[in-house]
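Here the structure is laid out as structure tokens; the discussion comes afterwards.
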Amino acid sequence: MAEQGKELKIFTTAQVKEHNTKSSVWIIIHNDIYDVTSFLNEHPGGEEVLIEQAGQEATEAFEDVGHSSDARAMMEQYKIGTLVDSERKPDLPKKSDPEWKESSGSSDVSWKSWIVPIAFGFVATVIYRLYFMS
Ligand code: HEM
């Protein structure tokens with residue numbers, strides 16, 4: 001996707017792998033490629049962790065840290081491209097995605113959760129009528 005007129009190039013993992021030293025650090029996060037060379041000494045998590053991931057897929061490491069939405073917005077300026085279709089991985093969920101979304105398909109579970117309060121209300125009504133209306 002081209003954002004703000006910035007053109008994103010298509011790269012292969014082999015091309016990314018060449019940028020695995022401190023002088024040029026590229027990483028892959030969620031199938032997009034980031035050149036974080038100029039960000040190394042600004043990264044609040046330190047340059048070492050980025051250099052460790054240099055030239056490779058870092059989605060899991062990135063998500064494990066639980067980066068903030070600020071961090072995610074910050075990433076955009078280092079994005080230089082995206083992976084070729086044939087090498088894209090099924091995307092990992094972003095930690096900021098609400099997890100309850102995944103279970104929203106099971107509608108009969110939420111339906112059953114109404115039975116207990118409705119039955120309780122019914123029983124309470126019957127007891128009330130028997131007790132007060134006799
Ligand atoms: C372009 C990519 C990245 C950006 C823009 C970025 C940005 C940030 C920011 C802003 C923070 C401060 C805390 C927060 O706001 O969440 C942070 C912390 C951190 N980041 Fe990154 N980060 C990137 C990639 C990575 C990667 C690939 C790793 C791999 C392990 C990593 C590991 C860490 C660690 C360990 C911390 C410290 C967490 C803490 O002290 O609680 N980051 N990063």
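We count ligands from 1, going down the list as the structure has it; atoms in each ligand are counted the same way. Because only heavy atoms are used, hydrogens play no part in the values below, and waters and symmetry mates are left out as well, while side chains stay in.
Contacts between Asp64 and ligand 1, counted as non-hydrogen atom pairs separated by less than 4.0 Å, are absent for every part of the residue.
His67 approaches Phe62 most closely through the heavy-atom pair ND1-O, 2.9 Å. Closest of all the heavy-atom pairs between Ile80 and Phe11 is O-CE1, 3.9 Å.
For atom 43 (N) of ligand 1, a protein heavy-atom neighbour is present inside the 4.0 Å cut-off. There is a protein heavy atom less than 4.0 angstrom from atom 10 (C) of ligand 1. Remark: atom 36 (C) of ligand 1 lies closer than 4.0 Å to at least one protein heavy atom.
Expressed to the nearest 0.5 Å, how far NZ of Lys89 lies from OG1 of Thr59 amounts to 7.5 Å. Separation of atoms CD1 (Ile29) and CD (Glu63) is listed at 8.0 Å; rounding is to 0.5 Å.
Under a 4.5 Å side-chain heavy-atom criterion applied to ILVMFWY residues, the cluster that includes Val84 comprises Ile10 as well.
Per-residue contacts place Ile27 under 4.0 angstrom from the following atoms of ligand 1 (heavy atoms of the residue considered): 27 (C). The distance from ligand 1 to the heavy atoms of Ala61 drops below 4.0 Å at these ligand atoms: 29 (C), 30 (C). Listed by atom number, the atoms of ligand 1 under 4.0 Å from Met75 heavy atoms are 1 (C), 2 (C), 5 (C).
The protein heavy-atom contact nearest to atom 16 (O) of ligand 1 is Ser68 N, 2.8 Å. The protein heavy atom nearest to atom 4 (C) of ligand 1 is Phe39 CE2, 3.4 Å.
Between Arg88 and Asp85, some side-chain heavy-atom pair lies under the 4.5 Å cut-off. Using a 4.5 Å heavy-atom cutoff, the side chains of Ile127 and Val123 are in contact.
Every residue meeting the side-chain contact (heavy atoms from CB on, under 4.5 Å) condition with Ala61, not counting sequence neighbours, appears here in chain and number order: Gln53.
A continuous path of ILVMFWY side-chain contacts below 4.5 Å connects Phe122 to Leu130, so both sit in one hydrophobic cluster.
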Show me the donor-acceptor pairs within less than 3.5 Å that the side chains of residues 43-52 make with the rest of the protein, sequence neighbours left out.
unit_1	atom_1	unit_2	atom_2	d
His43	ND1	Gly46	O	2.9
Glu47	OE2	Lys22	NZ	3.4

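Protein N/O/S atoms nearer than 2.8 Å to atom 21 (Fe) of ligand 1 total 2.
Looking at Ile29, Val36, Asp35, it is Val36 that brings a heavy atom closest to atom 1 (C) of ligand 1.
Between Asp70 and Ser68, the side chains place no donor N or O within less than 3.5 Å of an acceptor N or O (distance only, hydrogens not considered).
Distances between N or O atoms of Tyr78 and those of ligand 1 include no value under 3.5 Å.
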